Amino acid sequence: MTENNFIFDDEFVISSEGRVGWKAPSNIALVKYWGKKPNQIPANPSISFTLDACATTTTVTYKKLDKISSDFSFDLFFDGKENQDFKPKIQTFFERIDKYVPFLKSCHLKIETSNSFPHSSGIASSASGMGALALCVMSIEKQLNPEITQSYFNRKASFLARLGSGSACRSIEGPFIQWGKYGGIKESSNLFGVSYPFKVHSNFMNYHDTILLVHKGQKTVSSTVGHELMHNHPFANQRFEQAHNNLDKLEQVFEKGDLNEFIKIVESEALILHAMMMTSLPYFILMKPNTLEIINKIWSFREATNTPICFTLDAGANVHVLYPEMVKEKAIQFIQDELVVYCENGHYICDRIGQGATKIA
Ligand code: DP6
């Protein structure tokens, strides 16, 4: 598929008004996307677990304008209050997707959105937020053209979400989503995420992700800037190649249920992501002292008890603690006894693998 497959047929225009709504989850990458080419094309392929509890709920009420506007007409409400701060990001998103959904300019939109997690938690809401908004736009398209198939709907939602924030394209479906052209998966694409097509062992069903909120403040360097710094990065090419190799290795790991190998790949990916940041120019560090305390505690506990518990990191200081269903009690006890002390105000979020977005209106 190419970009042209997602261009909307002009003959449909909004004739009245309506309301659509979606709840879209966040996701956590196992093999990380870090570095991009123009138009939100990833420099390397990635794969993620779709989450469940961390989600954004968005409704869009649309009303036909008397005449087609040259710009987008929308109001944004966050947690029930009108919000100006997030509007520029949505304006940029609409500009990027205009070509594919031109009907948006023929209506006024009232966007109401909220997150299941506190905004100040340091958890990026861009994946779930852009995922939910892209799905709402697709629901409007579906009302205009009910002929579109479920598979086209999901693909285009992922395609649009990617233009808002790269990782958002992995927040439409679940439980394992691969994004970025990769030789091992025939249907893989740089344009949208696809469901992981191979066998996944039962060890990986119901995997848990307890997110330890180490630092709730604003990040010093945004992901967008971090991606930029992969241009001319001295280790970029090796890193991109390594992502392909790790995806190759994960295929066997998923099939056999090999938790030890899984841990090696996932922790290595997390540390490589941060190693890339530390070796960028300008260099930067997003981990905090407590991030390292937690990592060391996880390593000691794993060594002492042989429990298959590991960590991954996103572009921030928070730690995602990953463990299979079969060690749930032991892992939660360990987290409460030894790790919560490193969280800001003792805050953490218990999440797990999810099945993707749900329609709410
Ligand atoms: C470290 O998707 O937030 O979480 O495309 O600029 O919005 P933009 O970046 P974003 O980057 C996510 C980076 C990551 C790794 C990942 O999710 O694969």
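Read the numbers this way: they start at 1 and go in the same order the structure lists the ligands and their atoms. Every value quoted in this text rests on a predicted model; they were computed, and no experiment measured them.
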Asker: Can you name the ring-ring contact (aromatic ring centres under 6.0 Å, His included) partners of F78, sequence neighbours left out?
Answerer: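 For F78, the residues satisfying ring-ring contact (aromatic ring centres under 6.0 Å, His included) (neighbours in sequence not counted) are F86, H119.
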Asker: Please produce the table of protein N or O atoms sitting under 3.5 Å from N or O atoms belonging to ligand 1, one pair a line, distance to 0.1 Å.
Answerer:
unit_1, atom_1, unit_2, atom_2, d
ligand 1, 2 (O), S165, OG, 3.3
ligand 1, 2 (O), S167, N, 2.8
ligand 1, 2 (O), S167, OG, 2.7
ligand 1, 5 (O), Y33, OH, 2.7
ligand 1, 5 (O), K36, NZ, 3.2
ligand 1, 5 (O), Q40, NE2, 3.3
ligand 1, 5 (O), G166, N, 2.7
ligand 1, 6 (O), K36, NZ, 2.7
ligand 1, 6 (O), T224, OG1, 3.1
ligand 1, 7 (O), S165, OG, 2.6
ligand 1, 9 (O), H227, NE2, 3.1
ligand 1, 11 (O), H227, NE2, 2.9
ligand 1, 17 (O), R170, NH2, 2.7
ligand 1, 18 (O), Y33, N, 2.9
ligand 1, 18 (O), R170, NH1, 3.0
ligand 1, 18 (O), R170, NH2, 3.2

Asker: Between Y33 and W179, is the gap from one ring center to the other below 6.0 Å?
Answerer: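 Y33 vs W179: aromatic centres under 6.0 Å.
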Asker: Is the NZ or CZ atom of K105 positioned over F72's six-membered ring, under 6.0 angstrom from the centre and within 45° of the axis?
Answerer: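 Positive - K105 is close enough to the ring of F72 and near enough to its axis.
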Asker: Tell me the ring pair (Phe, Tyr, Trp, His ring centres under 6.0 Å) pairs involving residues 326-361, sequence neighbours left out?
Answerer: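 Output for this query lists F301-F334.
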Asker: Taking the six-membered ring of F159, is the NZ or CZ of R162 close enough (under 6.0 Å from the centre) and on axis enough (within 45°)?
Answerer: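 Pair R162/F159 counts as cation-pi.
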Asker: Please name all residues satisfying ring-ring contact (aromatic ring centres under 6.0 Å, His included) with Y323, sequence neighbours left out, ordered by chain then number.
Answerer: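 Partners of Y323 by the ring-ring contact (aromatic ring centres under 6.0 Å, His included) criterion, ordered by chain and then number, come out as H208.
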